[in-house]
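The basis for the numbers below is simple: all heavy atoms, side chains too, and nothing from hydrogens, waters or symmetry mates. Computed from a prediction, not measured in an experiment: that's the story for all the values here. Counting starts at 1 for both ligands and their atoms, in listed order.
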Amino acid sequence: MTRKAVVPTTGPKVAVVGAGSWGTTFGKILADGGASVVMWARRPELAAEITESKRNSRYLSGINLPRTMTATTDLAEALNGAEQIFLSVPSQSLRENLAAIRPLVEHTDVPLVSLMKGVEKSTGLRMSQVIEQVLECDPARIAVASGPNLALEIAREQPTAAVISSLSPETAEAVARRARNRYFRSFVNTDVIGTEFGGVLKNLIAVAIGIVDGVGYGENTKASIITRGLVEMTDFAVAQGAQPETLQGLAGLGDLIATCQSPLSRNNTAGRLLGQGYGYKEVVAQMQQTAEGLASVAPVLQLAKQVGVDMPIVQQVKMVLDGTMDPRDIAPHLTTDDDQPQGERTQNDQTGGGGALRRALQRAFDQFRHGGRGAAGDRP
Ligand SMILES: NC(=O)c1ccc[n+]([C@@H]2O[C@H](COP(=O)([O-])OP(=O)(O)OC[C@H]3O[C@@H](n4cnc5c(N)ncnc54)[C@H](O)[C@@H]3O)[C@@H](O)[C@H]2O)c1
Ligand SMILES: O=P(O)(O)OC[C@H](O)CO
């Protein structure tokens with residue numbers, strides 16, 4: 001029996017801005033879900049390779065892309081007529097890219113979906129906040145996608161789940177219906193803060209795991225950091241307005257496990273190099289792809305300070321990045337500098353949700369006791 005060639009049907013057009021590993025993989029997810037995908041790529045040779053060879057050899061070696069995926073360097077050509085627009089450029093470049101996108105979308109109500117997992121270094125804003133600010137658009141149009149989503153595994157069509165979050169359930173559902181196929185399943189929620197911060201914060205814990213890997217510590221150290229890291233993530237996100245259960249879900253625990261375990265993770269890789277003794281600049285020079293965690297450490301700690309949340313693991317990552325702590329010293333500082341034994345709890349539970357406030361008051365009291373010099377536990 002002869003098999004007929006399957007001619008791709010032309011589904012609704014969607015656009016993906018950014019043709020790195022995640023943008024291209026998400027384009028494949030959407031195309032395999034039935035959409036007709038137009039990618040925007042910065043470099044003409046990459047756009048040509050995607051369109052003509054159905055390959056992105058620099059970012060997704062060995063992966064064949066669907067025939068319903070094309071790419072262009074012309075932003076207007078990519079966005080014009082798109083039913084949904086997905087954004088996947090490095091977080092620190094989003095603002096400049098949105099400036100070019102704005103005139104092309106300001107008279108439409110097309111949903112805009114952030115695929116990114118960083119915060120803006122100069123402002124501390126989440127990516128959905130940057131989108132809302134630059135485009136001055138209704139936040140109900142904005143969605144974010146997050147979860148345990150290592151690009152290469154998904155590009156190889158390994159079964160994976162994600163969560164699509166928007167303040168508008170309708171927007172989240174519309175995006176989730178597009179971002180779904182035989183190997184990729186999208187769940188929905190309306191906790192944008194928790195979903196976005198889950199993706200940001202797991203990167204920082206993955207850098208810590210990479211550091212201990214690089215140093216040569218074993219599974220106990222890593223499991224301790226992952227577990228206490230989830231507590232830090234939850235404390236921080238809840239203090240910012242997230243729902244704690246989001247951090248137990250795909251965008252929190254799920255992504256934490258994937259990123260901390262996988263050698264595919266760029267954040268994990270960056271941490272490993274730090275643990276092996278490379279300095280911050282050398283690590284940045286060696287990284288061929290985006291490791292969002294490196295730029296997010298400082299703004300996250302700044303935000304944590306504003307809401308009185310302690311993040312000892314993230315603080316130690318910063319000290320290693322700054323060169324003020326030997327990576328081998330990360331373990332004894334695992335949970336806290338306090339001399340007193342502590343209960344194994346989050347700052348938000350078992351204290352009636354007042355953990356952050358209680359700590360802020362404790363800090364103020366300690367400062368008073370120490371004549372304005374701060375308590376011993378506040379010092380690095
Ligand atoms: N790769 C993954 O597994 C994965 C999974 C989920 C989320 N993410 C997130 O997706 C976002 C993009 O990451 P990625 O993995 O695709 O990174 P990447 O390094 O693979 O690709 C980044 C792309 O952005 C382009 N780029 C660089 N600077 C730019 C600029 N100033 N303006 C426009 N484009 C620019 C690069 O040329 C490249 O095409 C990050 O926030 C990352 O955290 C990545
Ligand atoms: O390679 P990383 O460290 O940016 O992680 C990729 C994804 O965020 C994993 O979900």
Side-chain angles (χ1 to χ4, degrees), residues 16-29 39-47 49-50 56-61 63 71 73 75 78 86-101 113-121 126-128 130-131 144-156 158 160-164 179 184 195-210 249-273 283-284 287-296:
V16 181
V17 176
S21 36
W22 188 222
T24 308
T25 299
F26 216 90
K28 176 170 159 40
I29 291 168
M39 311 279 310
W40 173 80
R42 268 197 316 177
R43 282 173 291 123
E45 61 275 19
L46 179 53
E49 190 192 15
I50 291 173
N56 182 342
S57 48
R58 159 133 193 231
Y59 291 102
L60 290 178
S61 176
I63 301 296
T73 54
L75 197 55
F86 295 80
L87 303 166
S88 188
V89 293
S91 295
Q92 305 313 320
S93 76
L94 177 64
R95 190 175 286 272
E96 76 198 40
N97 281 291
L98 286 171
I101 289 171
V113 189
S114 165
L115 304 180
M116 297 156 284
K117 292 180 177 172
V119 287
E120 194 174 49
K121 204 172 176 179
R126 290 174 280 113
M127 293 300 99
S128 66
V130 176
I131 296 170
V144 305
S146 202
N149 295 164
L150 295 154
L152 195 58
E153 290 185 6
I154 299 172
R156 289 177 179 151
Q158 297 177 13
T160 303
V163 60
I164 309 290
F184 195 82
T195 304
E196 260 184 323
F197 271 135
V200 170
L201 298 168
K202 64 81 192 180
N203 284 339
L204 309 183
I205 306 304
V207 175
I209 292 295
L250 291 164
L253 178 62
D255 205 358
L256 184 65
I257 294 170
T259 314
C260 288
Q261 279 190 163
S262 175
L264 288 176
S265 159
R266 288 83 46 93
N267 288 289
N268 198 327
T269 302
R272 203 172 319 120
L273 293 170
V283 172
V284 171
M287 295 300 297
Q288 301 292 314
Q289 295 187 15
T290 312
E292 293 281 15
L294 302 180
S296 296

Ranked by distance from atom 17 (O) of ligand 1, the top protein heavy atom is Thr290 OG1, 3.2 Å
Under 3.5 Å: N/O of Gln288 near N/O of ligand 1 = no
Going by the 4.0 angstrom heavy-atom rule, the piece of Lys117 near ligand 2 is side chain
Can Gln289 be said to touch ligand 2, with heavy atoms closer than 4.0 Å? no
From the list Asn267, Asp255, Thr259, side chain to side chain donor-acceptor pair (under 3.5 Å) with Asn203 holds only for Asn267
**Asked** Donor-acceptor pair, Glu196 side chain versus Val144 backbone, under 3.5 Å?
**Response** no
query: Between Phe86 and Phe26, what is the ring plane arrangement, given parallel below 30°, perpendicular above 60°, and tilted in between?
result: tilted
Practice prompt. Could you tell me whether Leu150 and ligand 1 have an N or O pair separated by under 3.5 Å?
Written response: no
Look only at the side chain of Thr24 and the backbone of Ala19, and say whether a donor-acceptor pair between them is shorter than 3.5 Å.
-> yes
Atom 5 (C) of ligand 1 sits nearest the protein heavy atom Asn149 O, 2.9 Å
TODO: Would you mind reporting whether Leu250 and Ser146 have side-chain heavy atoms less than 4.5 Å apart?
DONE: no
Ligand 1 to Lys117, heavy atom cutoff 4.0 Å, flagged ligand atoms 6 (C), 7 (C), 41 (O), 43 (O)
A student checking ligand 2 against Asn267 at a 4.0 Å heavy-atom cut-off should list atoms 2 (P), 3 (O), 4 (O)
Next item on the list: Please answer whether the main-chain N or O of Ala47 pairs with a side-chain N or O of Asn56 as donor and acceptor at a distance below 3.5 Å.
Entry: no
A student checking ligand 2 against Asn149 at a 4.0 Å heavy-atom cut-off should list atoms 7 (C), 9 (C), 10 (O)
Logged contact type for Gln289 with ligand 1, heavy-atom cut-off 4.0 Å, is both
Of all protein heavy atoms, the one nearest atom 37 (O) of ligand 1 is Arg42 NH2, 3.3 Å
Side chain to side chain donor-acceptor pair (under 3.5 Å) filter on Ser21, not counting sequence neighbours, yields Gln289
Using atom types as modelled and distance alone, determine if a side-chain donor or acceptor of Trp40 lies under 3.5 Å from a backbone N or O of Thr73. yes
Rounded to the nearest 0.5 angstrom, the OG-CZ distance for Ser296 and Arg126 is 13.0 Å
So CE of Met127 and CZ of Arg95: to nearest 0.5 Å the spacing works out to 8.5 Å
Of Phe26, Trp22, Tyr59, Trp40, the one whose closest heavy atom lies nearest atom 7 (C) of ligand 1 is Trp22
- Message: What verdict does the side chain to side chain contact (heavy atoms under 4.5 Å, CB included) test give for Glu292 and Val200, after you've listed the backbone C-alpha separation in whole Å, the side-chain angles of each residue and the deciding distance to 0.1 Å?
- Response: CA-CA 8 Å; Glu292 293 281 15; Val200 170; over 6 Å; no
inquiry  = Against ligand 2, does Gly293 come closer than 4.0 Å with any heavy atom?
reply    = no
Distance col, row Leu87:CG vs Ile131:CD1, nearest 0.5 angstrom, shows 5.0 Å
Per-atom filter on ligand 1: closer than 4.0 angstrom to a heavy atom of Met116 are 41 (O)
Numbered in order shown, the ligand 2 atoms found under 4.0 Å of a heavy atom of Gly147 are 10 (O)
Working note: Val89 + Thr290, criterion side chain to side chain contact (heavy atoms under 4.5 Å, CB included); need CA distance, chi angles, decisive distance, verdict. CA-CA 9 Å; Val89 293; Thr290 312; over 6 Å; no
Closest heavy-atom approach to atom 25 (C) of ligand 1 among Ser91, Pro90, Ser88, Gly20 is made by Pro90
closest protein heavy atom to atom 1 (O) of ligand 2 is Arg266 NE, 2.5 Å
(Q) Distance alone, cut at 3.5 Å: any donor-acceptor contact between the side chains of Thr160 and Glu153? (A) no
closest protein heavy atom to atom 31 (N) of ligand 1 is Glu96 OE2, 2.9 Å
Of all protein heavy atoms, the one nearest atom 5 (O) of ligand 2 is Lys202 NZ, 3.4 Å
among protein heavy atoms, the one nearest atom 20 (O) of ligand 1 is Ser21 OG, 2.7 Å
Of all heavy-atom pairs linking Ala258 and Leu150, the shortest is O-CD1, 3.8 Å
So for Thr259 against ligand 2, with non-hydrogen atoms under 4.0 Å, the contacting part is side chain
Heteroatom proximity flag, Asn203 to ligand 1, N/O under 3.5 Å = no
* Go through the steps for Ile154 and Lys28 under the test side chain to side chain contact (heavy atoms under 4.5 Å, CB included), then give the verdict. => CA-CA 9 Å; Ile154 299 172; Lys28 176 170 159 40; over 6 Å; no
- Stepwise side chain to side chain contact (heavy atoms under 4.5 Å, CB included) check, Ile205 with Lys202: CA-CA 5 Å; Ile205 306 304; Lys202 64 81 192 180; 5.6 Å; no
Quick note on ligand 1: atoms under 4.0 Å from a heavy atom of Asn97 include exactly 30 (C), 32 (N), 33 (C)
The closest protein heavy-atom partner of atom 10 (O) of ligand 2 is Asp255 OD1, 2.6 Å
So the atoms of ligand 1 within less than 4.0 Å of a heavy atom of Val89 turn out to be 33 (C), 34 (N)
Judged by heavy atoms only, the candidate from Glu292, Arg266, Arg95 nearest atom 13 (O) of ligand 1 is Arg266
Report task. Answer yes or no for Pro148: is there a heavy-atom contact with ligand 2 below 4.0 Å? Result -> yes
Any heavy atom of Ala151 under 4.0 Å from ligand 1? The part involved is both
Ligand 1 to Leu115, heavy atom cutoff 4.0 Å, flagged ligand atoms 7 (C), 8 (N), 9 (C), 10 (O)
